[in-house]
There are 6 protein chains.
Amino acid sequence: MADNEIWLDTLITATPQEGRELAMKMARKTIAAIQRDPEVRKKLRDDYAEDTAQLISSANVVALEFQTVAKANNYWK
Amino acid sequence: MADNEIWLDTLITATPQEGRELAMKMARKTIAAIQRDPEVRKKLRDDYAEDTAQLISSANVVALEFQTVAKANNYWK
Amino acid sequence: MADNEIWLDTLITATPQEGRELAMKMARKTIAAIQRDPEVRKKLRDDYAEDTAQLISSANVVALEFQTVAKANNYWK
Amino acid sequence: MADNEIWLDTLITATPQEGRELAMKMARKTIAAIQRDPEVRKKLRDDYAEDTAQLISSANVVALEFQTVAKANNYWK
Amino acid sequence: MADNEIWLDTLITATPQEGRELAMKMARKTIAAIQRDPEVRKKLRDDYAEDTAQLISSANVVALEFQTVAKANNYWK
Amino acid sequence: MADNEIWLDTLITATPQEGRELAMKMARKTIAAIQRDPEVRKKLRDDYAEDTAQLISSANVVALEFQTVAKANNYWK
């Protein structure tokens with residue numbers, strides 16, 4: 001079952017950009033955990049991708065997740 | 001009584017993914033502490049799971065809770 | 001007077017769960033400091049407890065307060 | 001002039017509760033810096049004190065300011 | 001050109017209050033970077049300065065920027 | 001493909017102001033990753049640049065991203 005899928009083994013990534021991708025995945029996975037029906041999610045996605053307020057709110061979530069990922073990676077220094 | 005249920009003994013989890021699950025539980029438990037009627041919560045849940053703005057706001061809360069959990073676990077390093 | 005009530009002597013709590021309770025109290029006390037009329041607050045509470053967007057926003061505040069409480073307690077480690 | 005008033009000499013407070021009061025003051029002072037007309041602020045205040053969504057948003061700001069104050073005071077430990 | 005203006009040489013300020021002013025400037029400069037037309041900004045400002053929800057959101061941004069400034073200054077200790 | 005473009009090699013910048021620019025780029029890139037059609041983004045941008053609520057929300061995202069960049073750079077001290 002998708003519910004049991006292991007998708008977050010580690011917060012460590014090779015590069016900052018991979019860290020961004022992980023942050024985006026983390027945000028997406030939260031949404032998917034709340035709204036489990038992929039068909040509903042797909043329909044919702046079509047809506048919010050044209051709604052700037054929601055795009056900006058999504059970027060807020062990604063910024064927060066990236067704070068965590070960046071710290072875990074000691075800012076790739 | 002549910003109010004007295006001990007559900008948060010520790011912030012330590014074995015893996016990052018379990019940390020995500022704990023972060024989601026923390027967010028849910030806050031909602032449950034404010035709206036104590038499970039029937040009302042169930043009805044509300046049906047609404048917000050199809051409202052992208054609210055899904056994104058929920059993801060913002062989870063991202064914040066996960067910051068705390070991740071730090072408590074020293075990022076599972 | 002309630003305004004002078006001392007309700008926050010320390011950020012230290014015995015357990016993470018008591019830390020959650022403190023975080024919720026901190027959020028409530030801010031609201032009470034802005035809207036001082038308990039009758040108005042009670043009426044408002046009836047509204048927002050059935051409004052998922054506001055429940056989620058409340059959970060965002062609690063998540064932030066808990067970040068502070070958890071750090072003060074060194075994550076109860 | 002009020003604009004030149006020194007109101008923030010230090011982030012250090014004697015107790016956590018005084019830290020809460022400072023956090024609330026910081027939030028209020030930001031609003032006052034943007035909307036400088038006290039008459040307008042007074043009128044606006046009457047509105048938002050009965051609007052739960054805005055009360056909760058205010059509590060979000062106070063939670064953030066308190067994070068800073070608490071850290072400055074090393075959590076009053 | 002204004003776009004090339006250097007306005008942020010350092011995060012260090014002499015006092016906490018100057019740190020607040022810098023935090024407010026940082027927030028304003030972000031808005032100015034997105035909406036580059038000063039005439040449009042002026043008109044928008046007239047609107048939002050009488051809209052409490054937006055004043056509170058602005059205070060949220062300032063609180064976040066101040067977290068960064070305060071940390072950079074080691075809380076002026 | 002633009003999707004594979006490497007745009008974030010490092011969080012290190014020479015100056016705080018370049019750090020602001022990076023923070024803004026990070027916010028923009030998140031939006032672009034969600035709404036991949038540049039024509040749609042351009043149209044959306046025209047809308048939100050005249051909507052103060054959205055400008056302020058954007059500034060919130062930039063403030064969060066800048067927290068990460070500033071920390072990565074040890075506040076350019």
Side-chain angles (χ1 to χ4, degrees), chain D residues 1-13 19-20 22-76, chain E residues 7-8 10-77:
Chain D
M1 280 176 66
D3 294 14
N4 298 328
E5 178 202 358
I6 299 298
W7 61 270
L8 188 62
D9 262 333
T10 176
L11 294 171
I12 304 305
T13 69
R20 294 300 288 184
L22 178 56
M24 275 188 278
K25 184 181 190 177
M26 289 158 75
R28 263 199 320 271
K29 286 282 183 180
T30 306
I31 307 273
I34 302 172
Q35 175 47 267
R36 291 172 180 272
D37 184 334
E39 286 307 306
V40 175
R41 283 204 306 273
K42 189 171 175 307
K43 184 165 61 71
L44 292 174
R45 194 188 146 88
D46 292 342
D47 293 344
Y48 91 80
E50 302 212 3
D51 178 335
T52 46
Q54 294 188 37
L55 285 169
I56 297 166
S57 300
S58 301
N60 204 82
V61 179
V62 172
L64 286 171
E65 300 283 20
F66 185 68
Q67 288 190 334
T68 308
V69 174
K71 188 150 196 190
N73 286 279
N74 194 27
Y75 305 95
W76 298 275
Chain E
W7 61 270
L8 188 62
T10 175
L11 294 172
I12 304 305
T13 70
T15 66
Q17 186 148 340
E18 286 178 27
R20 295 299 288 183
E21 284 155 22
L22 178 56
M24 276 187 278
K25 184 181 189 177
M26 288 158 75
R28 263 199 319 270
K29 287 283 184 179
T30 306
I31 307 272
I34 302 172
Q35 176 46 267
R36 292 172 181 272
D37 184 333
E39 286 308 304
V40 175
R41 284 205 305 274
K42 190 170 175 309
K43 183 165 63 70
L44 292 174
R45 194 187 146 87
D46 292 342
D47 293 344
Y48 91 80
E50 301 213 3
D51 177 335
T52 46
Q54 295 188 35
L55 285 169
I56 297 165
S57 300
S58 301
N60 204 83
V61 179
V62 172
L64 287 171
E65 300 283 19
F66 185 67
Q67 288 190 333
T68 308
V69 174
K71 188 151 196 190
N73 286 278
N74 194 28
Y75 304 95
W76 298 274
K77 284 197 278 206

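Being a predicted model, the structure only gives us computed values, none of them experimental. Proteins come first, then strands; the chains are lettered A, B, ... in the order of their sequence lines, and each starts at number 1.
Here the closest non-hydrogen pair linking E/Q67 and D/T68 is CG-OG1, 3.1 Å. Across every non-hydrogen atom of E/M24 and D/A33, the tightest pair is SD-CB, 3.6 Å.
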- Test side-chain contact (heavy atoms from CB on, under 4.5 Å) on E/T52 and D/R45 and set out the steps. CA-CA 8 Å; E/T52 46; D/R45 194 188 146 88; over 6 Å; no
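Contact of E/A59 with chain D is made through backbone and side chain together, with heavy-atom distances under 4.5 Å. Using a 4.5 Å cut-off between heavy atoms, D/N60 touches chain E through backbone and side chain atoms alike. Contacts of D/D37 with chain E are absent, with no heavy-atom separation under 4.5 Å from either backbone or side chain. The contact between D/K71 and chain E is made by backbone and side chain atoms together, counting heavy-atom distances below 4.5 Å.
By the 4.5 Å heavy-atom criterion applied to side chains, E/W76 and D/L8 are not counted as neighbours. When side chains are defined from C-beta on, E/Y48 counts as touching D/I34, because their heavy atoms get closer than 4.5 Å. Between E/R20 and D/K29, the closest side-chain pair of non-hydrogen atoms is not below 4.5 Å.
Atom CG of E/L55 is separated from atom OG of D/S58 by 10.0 Å, given to the nearest 0.5 angstrom. Taken to the nearest 0.5 Å, the CD1 atom of E/I56 stands 11.5 Å off from the OG1 atom of D/T30. Atom-to-atom distance recorded for D/Q35:CD and E/Q54:CD is 12.5 Å, nearest 0.5 angstrom.
Annotation for D/K42: atom NZ does not count as buried by contact number, only 12 or fewer foreign heavy atoms lying within 6.0 Å.
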